[in-house]
Amino acid sequence: MPKFSALADPGGLSGVFHALADPTRRRVVEHLGLGPASTSELARPFDMALASFTQHLGVLERVGLVTSEKRGRVRTYRLAPQPLEEAGAWLERQRSEWTRRLDQLDALLRDLGRSGHDTDTEPDTEEHR
């Protein structure tokens with residue numbers, strides 16, 4: 001697993017998208033969407049050593065996607081929705097901008113198509129002279 005410290009801003013969008021780029025971490029986030037869970041409960045569906053799995057939890061915690069609390073020997077993780085909401089808002093702004101741009105392109109192409117039919121001319125070649 002690549003070292004996360006390579007990212008300059010682990011608490012920002014880059015960190016969130018880095019964390020969510022991994023399918024294991026996405027599944028953990030989905031699981032925590034149902035409610036808090038212990039490390040062992042979260043690790044159960046994955047075929048990996050617990051030490052490796054806790055590295056995934058560490059990445060999620062460093063970027064702020066999850067929080068944890070230790071009581072006795074049990075560490076419980078909870079989803080922290082704020083970074084997901086920020087990422088969702090950023091994605092929505094991108095979607096809106098690209099929808100606007102594609103709508104403009106569509107209108108331009110329709111206009112060009114209409115004006116192309118208005119001037120039904122033959123190509124200017126030797127054959128047609």
Side-chain angles (χ1 to χ4, degrees):
M1 176 168 43
K3 291 290 182 192
F4 184 73
S5 60
L7 289 176
D9 184 17
L13 280 177
S14 295
V16 170
F17 286 121
H18 167 80
L20 294 175
D22 182 89
T24 298
R25 293 191 287 263
R26 285 195 306 272
R27 285 183 55 197
V28 169
V29 168
E30 289 172 3
H31 186 121
L32 290 174
L34 302 174
S38 68
T39 304
S40 59
E41 183 183 344
L42 291 169
R44 193 171 299 125
F46 300 98
D47 185 26
M48 67 176 73
L50 189 58
S52 297
F53 183 76
T54 58
Q55 288 181 349
H56 286 289
L57 292 173
V59 170
L60 291 170
E61 196 162 22
R62 277 193 298 278
V63 301
L65 285 168
V66 302
T67 60
S68 71
E69 178 182 6
K70 188 169 185 178
R71 287 197 180 165
R73 296 176 55 194
V74 177
R75 181 168 294 277
T76 301
Y77 288 85
R78 287 176 174 72
L79 189 61
Q82 181 69 27
L84 285 174
E85 290 168 359
E86 291 171 5
W90 183 85
L91 288 169
E92 178 57 29
R93 287 191 303 273
Q94 300 312 305
R95 187 200 62 75
S96 293
E97 178 62 22
W98 281 101
T99 297
R100 184 187 65 77
R101 289 179 182 187
L102 291 171
D103 287 346
Q104 286 177 333
L105 178 61
D106 188 45
L108 175 65
L109 293 173
R110 274 194 311 257
D111 288 348
L112 289 173
R114 280 194 293 266
S115 66
H117 291 294
D118 293 344
T119 59
D120 204 14
T121 60
E122 293 289 326
D124 189 21
T125 63
E126 296 262 336
E127 295 175 1
H128 291 91
R129 288 185 188 174

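Bear in mind the structure is a predicted one, so any value in this text is a computation, not a measurement.
- Leu13 and Ala87 get closest at one heavy-atom pair: CD2-CA, 3.5 Å.
- Between Arg100 and Asp103 there is no salt bridge, since no side-chain N of the basic residue sits under 4.0 Å from a carboxylate O of the acidic one.
- For the pair Arg110 and Asp106, the minimum side-chain heavy-atom distance is below 4.5 Å.
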Would you list the atom pairs, donor with acceptor, under 3.5 Å between side chains in residues 70-77 and any protein atom, with sequence neighbours excluded?
from  : atom 1 : to    : atom 2 : distance (Å)
Arg71 : NE     : Glu69 : OE2    : 3.1
Arg71 : NH2    : Glu69 : OE2    : 3.1
Arg75 : NH1    : Ser68 : OG     : 2.8

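- For Glu30 and Arg27, the salt-bridge test fails: no basic side-chain N is under 4.0 Å from an acidic carboxylate O.
- The line from CG of Leu57 to CZ of Arg62 is 10.5 Å long, rounded to the nearest 0.5 Å.
- Of the inter-residue distances, the one linking Leu32 atom CG with Leu65 atom CG reads 10.0 Å to the nearest 0.5 angstrom.
- Heavy-atom minimum distance, Ala21 versus Arg26: O-NH1, 3.0 Å.
- One finds no salt bridge joining Arg44 and Glu41 here, because no Lys/Arg side-chain nitrogen approaches an Asp/Glu carboxylate oxygen to under 4.0 Å.
- For the pair Met48/Thr24, a side-chain contact is recorded, criterion being any heavy-atom separation below 4.5 Å from C-beta on.
- Between His56 and Val28, every side-chain heavy-atom pair lies at or beyond the 4.5 Å cut-off.
- Residues Arg114 and Asp111 come closest through the heavy atom pair NH2-OD1, 2.5 Å.
- Scanning both residues, Pro83 and Gly64, for their nearest heavy atoms gives CG-O, 3.2 Å.
- Side-chain atoms of Thr54 come within 3.5 Å of backbone N or O of Ala51 as a donor-acceptor pair.
- Summarising the geometry, atom CD belonging to Gln55 is positioned 10.0 Å from atom CZ belonging to Arg25; distances are rounded to the nearest 0.5 Å.
- Atoms CD and CG, from Glu97 and Leu102 in turn, are 10.0 Å apart once rounded to the nearest 0.5 Å.
- Distance CZ/Arg101 to CG/Leu105: 11.5 Å, rounded to 0.5 Å.
- Atom CG in Leu60 sits 9.0 Å away from atom CG in Leu79 (nearest 0.5 Å).
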